[in-house]
> 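Take a look at this one; I'll ask things after.
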Amino acid sequence: DVQLQASGGGLVQAGGSLRLSCAASGFTFDDYAIGWFRQAPGKEREGVSCISSVDGNSYYADSVKGRFTFSSDNAKNTVYLQMNNLKPEDTAVYYCAADPFDPWGGSHNCADFGSWGQGTQVTVSS
């Protein structure tokens with residue numbers, strides 16, 4: 001079974017930084033696209049930083065471009081999201097999500113991926 005465990009959230013002041021981690025297990029890491037989406041109270045899920053399951057390219061939400069950076073350590077089956085210059089509107093529960101690569105039926109938006117784990121809360125105070 002696909003298992004994804006996100007960690008690293010917390011409370012930070014505006015302008016601060018956090019680094020989220022996601023440990024993946026139960027699947028062949030190289031065969032899956034992985035990304036981060038978030039969900040704030042009363043709002044829909046938003047893909048933040050995604051590896052497309054269609055073409056393997058990286059996609060960032062416009063609201064986080066230049067501030068968030070996705071990276072991965074394939075040896076550790078772990079992906080990261082470095083978040084800098086955080087803003088109050090970044091407050092949400094952050095999830096990592098995964099889907100197998102599928103050029104015909106995949107998605108650029110990891111908020112649509114079929115597997116995700118327990119999220120981690122990020123709260124940015126003004």
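Hydrogens, waters and symmetry mates play no part in the numbers below; they use all other heavy atoms, side chains included. All residue numbers in this chain count up from 1 along the given sequence. It should be emphasised that the depicted structure is a prediction, and the values quoted were computed from it without experimental measurement.
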> Which residues pass the salt bridge (Lys or Arg N to Asp or Glu O under 4.0 Å) test with K43, sequence neighbours left out?
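None.
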> Looking only at atom types and distance, does a side-chain atom of S63 sit under 3.5 Å from a main-chain N or O of A61, one as donor and one as acceptor?
no
> If you define the side chain from C-beta out and look only at heavy atoms, does anything of L81 sit under 4.5 Å from F68?
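A side-chain contact under 4.5 Å exists here.
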> Is there side-chain contact between N74 and D30, with at least one heavy-atom pair below 4.5 Å?
yes
> Without swapping roles, check the side chain of R19 against the backbone of Q82 for a donor-acceptor pair under 3.5 Å.
no
> Ignoring hydrogens and angles, tell me if any N or O in the side chain of S72 forms a donor-acceptor pair with the backbone of V79 under 3.5 Å.
no
> Just wondering, do D102 and V54 contact through their side chains at under 4.5 Å, heavy atoms?
no
> Between R45 (side chain) and A111 (backbone), is there a donor-acceptor pair under 3.5 Å?
yes
> Is a side-chain N or O of T78 found less than 3.5 angstrom from the main chain of D73, in a donor-acceptor match?
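Side chain of T78 to backbone of D73: no pair is present.
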> Would you say the side chain of W36 lies within less than 4.5 Å of the side chain of M83, judging by non-hydrogen atoms?
no
> Taking the basic N atoms (NZ, or NE/NH1/NH2) and the acidic carboxylate oxygens, is any pair closer than 4.0 Å for K65 and D62?
yes
> Between the side chain of N85 and the main-chain N/O of R67, is any donor-acceptor distance below 3.5 Å?
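Checked: no pair found.
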> Do the side chains of F70 and I51 get nearer than 4.5 Å, heavy atoms only?
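Yes, at least one pair of side-chain atoms sits under 4.5 Å.
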> So, T91 side chain and V124 main chain: donor-acceptor pair closer than 3.5 Å or not?
yes
> Are L4 and F27 side-chain neighbours, meaning at least one heavy-atom pair lies under 4.5 Å?
yes
> Can you check whether D55's main-chain N or O pairs, donor with acceptor, with S52's side chain at less than 3.5 Å?
yes
